[in-house]
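Note sheet for the following structure.
Atoms considered below: every heavy atom in the structure, side chains included; atoms not considered: hydrogens, waters and symmetry mates.
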Amino acid sequence: MTAKRKWSVEVTGHSDAMDLEEHIFESGDAKKIAASLKRSAEHSDRRKAEPFQSAMSMLNFYINRAGKNLPQERKKVLEKTKDELRAAFGRPKQD
């Protein structure tokens with residue numbers, strides 16, 4: 001892996017990013033991913049923002065990091081996770 005690609009590992013490992021359940025983004029269940037992100041955001045001592053914002057930011061970070069390499073099926077699950085995350089935090093669904 002090139003140095004250019006390792007920046008994301010550095011960000012998630014040594015920044016104020018919240019601690020995540022291992023391999024959570026590999027799950028095919030949007031509700032499970034959302035629940036795990038919510039749990040991590042609410043219990044993390046390493047986040048700077050509110051739990052909802054931290055959880056959504058981490059999800060978006062993962063989606064953006066994968067970029068064009070993210071298979072369409074995985075992207076569908078992760079996009080559905082956004083709706084599940086909003087529901088878990090009692091936020092309105094976006095169109």
Side-chain angles (χ1 to χ4, degrees):
M1 191 178 293
T2 66
K4 186 177 180 182
R5 299 215 123 315
K6 291 183 182 179
W7 70 270
S8 59
V9 173
E10 186 70 21
V11 168
T12 55
H14 299 97
S15 72
D16 285 325
M18 60 188 187
D19 297 317
L20 297 174
E21 181 181 336
E22 286 195 37
H23 307 289
I24 189 57
F25 292 115
E26 294 172 13
S27 173
D29 184 351
K31 279 189 177 187
K32 180 180 177 183
I33 298 169
S36 178
L37 285 170
K38 183 176 190 249
R39 217 174 14 259
S40 294
E42 290 175 338
H43 293 98
S44 179
D45 294 329
R46 296 174 55 204
R47 65 176 166 77
K48 291 184 177 178
E50 293 299 314
F52 173 74
Q53 184 179 356
S54 294
M56 189 64 77
S57 292
M58 188 57 71
L59 177 58
N60 283 319
F61 175 77
Y62 181 81
I63 293 168
N64 292 338
R65 182 180 68 178
K68 294 177 185 175
N69 296 326
L70 189 62
Q72 199 61 29
E73 281 186 40
R74 294 291 314 136
K75 188 168 184 172
K76 277 185 179 180
V77 170
L78 295 173
E79 288 297 328
K80 182 165 174 43
T81 301
K82 290 180 182 182
D83 291 334
E84 295 294 340
L85 197 54
R86 287 183 189 98
F89 278 98
R91 302 284 179 110
K93 185 177 178 180
Q94 290 187 341
D95 294 327

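Distance alone, capped at 3.5 Å, places no donor-acceptor pair between the Ser36 side chain and the Lys32 backbone.
Contact record, Pro92 with Arg86: O-CD, 3.4 Å, taken as the closest heavy-atom pair. Residue Leu20 comes nearest to Ser40 through the heavy atom pair CA-OG, 3.9 Å, listed as atom of the first residue, atom of the second, then distance. Scanning all heavy atoms of the two residues, the minimum distance from Val77 to Ala30 falls at O-CB, 3.7 Å. Shown here for Arg91 and Phe52, the closest heavy-atom pair between the two residues is NH1-CD2, 3.2 Å. The heavy-atom pair separating Ala55 from Ala41 by the smallest distance is CB-CB, 4.0 Å.
Applying the 6.0 Å contact sphere to NZ of Lys38 captures more than 12 heavy atoms from other residues, nucleotides or ligands. The local environment of CD in Gln53 is sparse, with at most 12 non-hydrogen atoms from other residues, nucleotides or ligands closer than 6.0 Å.
Under the 4.5 Å side-chain criterion, counting only non-hydrogen atoms from C-beta, Thr81 is not in contact with Lys31. Residues Leu37 and Phe25 have side chains in contact (heavy-atom distance under 4.5 Å, counting atoms from C-beta outward). The shortest side-chain heavy-atom distance between Lys75 and Leu78 does not fall under the 4.5 Å cut-off. Put simply, the side chain of Glu79 does not reach to within 4.5 Å of the side chain of Lys76, judged on heavy atoms. Counting heavy atoms from C-beta outward, Phe89 and Glu42 have side chains that approach closer than 4.5 Å. You'll find the side chain of Arg65 stays beyond 4.5 Å of the side chain of Leu70, heavy atoms only. Residues Leu59 and Lys82 form a side-chain contact, since some pair of their non-hydrogen atoms from C-beta on lies under 4.5 Å apart.
Note on Glu21 versus Arg39: salt bridge recorded, some NZ/NE/NH1/NH2 to OD/OE distance being below 4.0 Å.
Separation of atoms CE (Met58) and CD1 (Ile24) is listed at 13.0 Å; rounding is to 0.5 Å.
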